Amino acid sequence: MILAGLVVLVVVAAIKTFTLPAEAGPGELSRYTADTWRSFIIGGLSEGAVLALIALGYSLVYGILRMINFAHGEVFMMGAFASYFVADRFSDNDFLSSSPAIAMIVILAVAIGVSVLVAILLERVCYRPLRNAPRLVPLITAIGASLFLQNTARGFFGPQARGYPQPDFLDGSWNLLSFDIARIDLVMIVVSIVLVAILDYFVSSTRTGRSMRAVALDADIAKLMGIDVDRVIVTTFAIGGVLAGVAGVMFAMRFEQISFTTGFRPGIAAFTAAVLGGIGSIRGAALGALLVGLLRSLGPALLVGFNIPSVFQLEDAITFLVLVFVLLYRPGGLLGSAAAEKL
Amino acid sequence: MMAGKGADAEERKPVLELRQVNTHYGLVAVLRDVDMAIYPGEMVCLLGGNASGKSTTLKTILGYVTPSSGEVVFDGEVISGKSTTEIVRRGVSMVPENRRLFGDMTVEENLLLGAYTRTDKAAVEQDRQMVLDTFPVVGERLKQKAGTLSGGQQQMVAMGRALMANPKVLLMDEPSMGLAPILVDQVFEIIKTIRSLGRTVFVVEQNANMALSIADRGYVIQTGRVVLADTAANLLANPMMREAYLGEL
Ligand SMILES: Nc1ncnc2c1ncn2[C@@H]1O[C@H](COP(=O)(O)OP(=O)(O)OP(=O)(O)O)[C@@H](O)[C@H]1O
Ligand SMILES: [Mg+2]
């Protein structure tokens with residue numbers, strides 16, 4: 001019922017948006033051109049690409065522990081923040097423009113290293129001791145850990161956002177099939193696709209991946225196979241950390257800033273993506289992230305016709321709305337109920 | 001207590017031994033002063049009614065639960081207190097109650113997981129071949145999701161998976177449970193086959209007649225205590241057994 005109402009609302013808004021006058025006087029809204037729509041779509045895809053990498057972290061851990069690691073957004077933020085100090089240095093001494101390849105490798109290595117470390121520490125310190133506790137307990141602990149990490153970052157690095165340098169080679173755009181696409185966006189999309197494909201192969205076809213799926217399906221019987229369940233769990237957190245580290249660098253470079261809150265909004269959006277796709281499923285997380293990214297970008301644009309002041313601030317509201325509706329009507333997510341390649 | 005070992009087993013050392021084992025769940029004692037010994041190459045069955053502690057005995061051996069006193073000795077070393085993973089790596093495997101396959105994985109993957117800890121590729125391949133020879137049905141279904149097999153087929157995969165570990169001792173928890181009568185016969189035939197391969201098998205059963213007809217020895221457990229321990233032949237002839245477990249009056 002509510003859902004139908006919303007659909008009607010969006011359709012009406014979209015019609016209004018699409019029928020805005022093509023030419024408008026000063027201070028009036030005009031219809032978006034095809035180019036503008038394309039840039040919304042590309043923006044949505046590149047945001048979705050980053051969200052996918054974060055969403056996989058939620059999904060992998062949920063698949064194995066049936067627990068939402070609410071501190072995962074901070075795993076992402078911590079890696080990005082640590083790499084900021086290196087990137088800033090490289091930018092100051094021009095290393096970033098003189099040897100961008102080496103500089104990028106170092107920046108990524110630092111981000112990945114710190115994200116993995118934070119993820120593993122979270123597991124060791126916060127979750128492992130609670131593995132047999134009622135499910136609400138680690139959930140609350142996760143939220144506590146998230147606040148702790150945010151405030152630690154704030155305490156050490158200050159509350160203000162800092163400018164994250166973007167290497168020259170990612171500045172500007174490439175011409176792809178007759179239209180221009182920002183380099184950073186294309187890089188984000190390609191990197192994300194490659195990483196998701198590698199992960200999908202890893203989990204479905206390697207021995208370690210098989211052991212991860214075994215633990216996810218039945219931890220007691222996994223032990224009976226001689227699988228070291230603790231090690232599999234640590235590996236899972238570490239993989240989530242690697243993906244979050246890469247995502248952190250790309251995100252910070254795209255928006256050219258970093259602060260202690262950087263992990264929060266992408267964290268929620270990625271969590272929504274994981275739930276939408278079907279939490280526990282790799283392809284689900286990727287699909288969910290794609291959809292959430294597009295919705296966050298296109299959703300506000302479709303509502304422009306309503307003349308809402310600062311409509312583009314609505315992206316988080318839209319994200320939450322999606323989350324609520326998925327939880328209400330399809331808690332298993334889009335691919336979750338099929339459970340085909342559930343982790 | 002009567003120790004009904006086979007004559008030539010007398011001089012050998014047990015491969016698996018429980019010594020005065022007590023196991024609790026919380027404050028509730030489930031196993032009390034349990035003594036058992038399994039010798040290499042033997043097939044021993046553990047009989048008992050519902051909730052008598054049969055599964056708990058196997059869980060104690062495998063380290064899923066730690067005995068509150070007493071010890072489990074495997075291959076001359078105390079294993080109680082060690083993790084399940086460690087105990088399995090030393091050579092104990094189990095066909096669990098209700099099969100417990102990885103239902104979302106293929107039969108092939110289930111078998112591969114059985115051999116998870118093994119690095120001897122050639123020997124693994126041999127065992128795989130042996131499993132496929134022993135259970136032709138399994139070979140026909142390698143690419144099928146294990147959860148979509150029938151109960152009987154799943155039981156064979158569960159046995160195949162356990163054999164893939166090439167265990168020194170193979171534990172089975174009620175392999176005939178929940179199967180149609182013809183399948184029960186089939187399962188016992190298979191256990192006989194496994195046994196003829198020279199495996200050491202310790203099988204928990206409610207189906208006392210069937211179990212004793214293929215075992216060398218048996219233990220009978222009642223509310224956590226071993227009340228009888230004897231050769232299978234003697235147990236089959238024992239009047240108390242006939243009354244309580246063999247369904248005759
Ligand atoms: N995890 C547990 N926590 C508490 N009590 C348990 C647990 N597992 C088993 N028990 C109790 O221990 C007793 C023995 O259980 P066990 O599973 O060993 O019996 P069993 O002989 O295998 O029975 P069945 O033939 O029904 O499988 C039962 O009273 C059972 O309720
Ligand atoms: Mg039982």
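A, B, ... follow the sequence lines: proteins, then strands. Residue 1 opens every chain. Owing to the predicted nature of the structure, the values given are computational and were not obtained by experimental measurement.
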* To do: State plainly whether the residues B:R128 and B:E108 are in salt-bridge range, i.e. N to O under 4.0 Å.
  => yes
* Asked: So what's closer than 4.5 Å to chain A heavy atoms on B:R89: side chain, backbone, both or neither?
  -> side chain
* Against chain B, label A:S204 side chain, backbone, both or neither, depending on which of its atoms sit under 4.5 Å from a heavy atom there. => backbone
* To do: For each of B:I87, B:L112, B:T117, B:L113, tally heavy-atom pairs with chain A at distances under 4.5 Å, and name the one with the top tally.
  => B:L113
* Over 60° means perpendicular and under 30° means parallel, so classify the ring planes of A:F237 and A:Y127, tilted if in between. => tilted
* To do: State, to 0.1 Å, how close B:P175 and B:I191 come at their nearest heavy-atom pair, and which atoms those are.
  => CG-CD1, 3.7 Å
* Going by distance alone, is a donor N or O of one side chain under 3.5 Å from an acceptor N or O of the other, for B:E205 and B:S176? -> yes
